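Below: the structure, in structure tokens.
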Amino acid sequence: MEKSTLAYWQAQASELVIEGRAFINGAYTDAIAEQTFDCISPIDSRHLANIACCQSEDADVAVAAARAVFEQGSWSKLAPVKRKATLLKFADIIEQHQHELALLETLDMGKPISDAIHVDLAGTLRCIRWSAEAIDKVYDQVAPTASDDLGLVTHEPCGVVAAIVPWNFPLQMACWKLGPALAMGNSVVLKPSEKSPLTAIKLAALAIEAGIPAGVFNVLPGFGHEVGKALALHNDVDTLVFTGSTAVAKQLFVYAGQSNMKRVWTEAGGKSPNIIFADAPNLDDAAQAAAGAFCFNQGEVCTAGTRLLIEESIKDEFIEKVIAAVKSWQPGNPLDPNTNVGAIVDRAQFERVLSYIEKGKIQGAKLRCGGNATAPVADGFYIEPTVFDEVDNAMDIAQDEIFGSVLSVITFKTMAEAIAIANDTPYGLAAGIWTSNLSKAHQMSKAVRAGSVWVNQWDGGDMTAPFGGFKQSGNGRDKSLHAFSKYTEIKATWMKI
Ligand code: NAD
């Protein structure tokens, strides 16, 4: 059967054997309290698996295993070139299982199978390979000293890293942490989102198959306020890395302060402006990109371009182009390879998105398209991409991160006004700027407070570029060599010769 058919993926899905246990010290294990929770697919509400519901006692066991192997040194003290070879093998094994992993991702959180393969798995592989390749190319430093001293500046692994990740790109977000953390020799305890634990659970067994020693990579499925909180408060976790909402990110700093002052690095929310000037090089391309910017991954993207700022003189023309482009982003069966919009991750998120659509109407924004739940598959959670015009930046739909395909169109007259609106948000994750004027592009790029700025495109960049936020979108950076600094402590050794 062709991999490019719905029937193929439905058949694969019906044959899948899904693992739901935690993975600690090299083996699958039930939660100590033997509790589980249901894993339900948003595609059609089918029951996928019973998932181990880990608690603080499971965190204690996993952290102890991670610490023991770190001290023993079979990974942390390994020659970089050997860690590199093992991580490259890990990537090869992930690639061998990429279709199974992609299918698990689609079933678990509802994204289109094509995206799971071509975006999530491709990005995961690139991240692990890039991190592995970097290991034996990163040098330490010798300080400039008098001739009777030797000053060494060296980077050492932090020790035990806890990684808490979200559900929108479950495997890829996990690997943005895992790649550099393992590359630098740390042990990792990963807590996937309770809404999307399946790929993380599978990944752990592949790590063992690749030769990563038992205890170096552990996975604890469970709820944030239970096992997530336990890891964040744990006195033997050295570094906590997180991707998720700003509200939880803030809480993690509190937990670190209440416990051992572990290092905390967060990638949090966003409400990114996509700014269209009348002199954009090609308005058709800009409109296509503007539609993709808020429809891709059901709008469940931290960098989603959910505030579309249009220069007043082209507003009417441009919004028509965007509405036309949105017609090609309509929900379908996520298992169909032709689908580009899948299911919303679960009922709670589905209801949250619909409630914001209602708020937009009540607060006076003009609904231009979408706005309804739809049902390409019975018993699933699907919403039409929704465009609101005449939005004031103070409205809830323009201020809050909805995490669904709801676009707020706002107009501006001058560059100064565009900058003021773009920055009038607690977030600072990303921004798009469309103009043919090079000076304007540079001025805007400097003025907009965001970790990623894209000029005449949306979502540019790859593993070579750092990713993260200004303001309440987080601290620290994922991807690129900048990410590596989160996973090491710097030591200065000063020797008298
Ligand atoms: P969330 O903050 O609700 O959950 C993220 C993770 O934190 C989950 O694993 C959850 O179980 C855990 N958690 C929740 N409460 C916790 C607590 N008290 N202690 C410890 N852990 C806890 O976010 P989400 O709904 O899973 O994901 C959506 C959010 O993620 C959005 O805000 C989105 O912008 C953000 N996100 C950011 C980026 C980025 O790189 N900046 C990327 C993807 C998603």
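Scope of the values below: all heavy atoms of this structure, side chains included, with no hydrogens, waters or symmetry mates. Predicted, not measured: the structure shown is a model, and the values here were computed from it. Each ligand, and each atom within it, is numbered from 1 in the order the structure gives.
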Check whether any N or O atom of [X], backbone or side chain, sits under 3.5 Å from an N or O atom of ligand 1, and answer yes or no.
X	value
Ala268	yes
Lys191	yes
Ser473	no
Trp167	yes
Ser245	yes
Leu429	no

- Message: In the structure I gave you, are the side-chain heavy atoms of Val455 and His442 within less than 4.5 Å of one another anywhere?
- Response: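 In short, these two side chains do not touch, never coming nearer than 4.5 Å.
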- Task: Considering heavy atoms of the protein only, find what lies nearest to atom 39 (C) of ligand 1 and give residue, atom and distance to 0.1 Å.
- Result: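 Sorting protein heavy atoms by distance from atom 39 (C) of ligand 1 puts Cys302 SG, 3.2 Å first.
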- Under 3.5 Å, is there a donor-acceptor pair linking the side chains of Lys177 and Thr243?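 Yes, a side-chain donor-acceptor pair sits under 3.5 Å.
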- Message: Ignoring hydrogens and geometry beyond distance, is a side-chain donor-acceptor pair present between Arg307 and Asn274 at under 3.5 Å?
- Response: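 Note: Arg307 and Asn274 side chains miss the donor-acceptor criterion.
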Are the side chain of [X] and the backbone N or O of [Y] linked by a donor-acceptor pair below 3.5 Å?
X	Y	result
Asn218	Gly215	yes
Arg83	Ala183	yes
Gln298	Gly404	no
Thr339	Pro112	no

- Item | Selection from Val227, Val165, Thr303 by shortest heavy-atom distance to atom 9 (O) of ligand 1 |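 Closest candidate by heavy-atom distance is Val165.
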- Item | Heavy-atom nearest neighbour of atom 11 (O) of ligand 1 within options Arg477, Lys195, Glu194 |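 Heavy atom nearest to atom 11 (O) of ligand 1 belongs to Glu194.
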- ligand 1 atoms in contact with Val248 (distance to a heavy atom under 4.0 Å):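 Those atoms are 2 (O), 13 (N), 14 (C), 15 (N), 16 (C), 22 (C).
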- Which of the ligand 1 atoms, numbered from 1, are nearer than 4.0 Å to a heavy atom of Gly228: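 In order of number, 19 (N), 20 (C), 21 (N).
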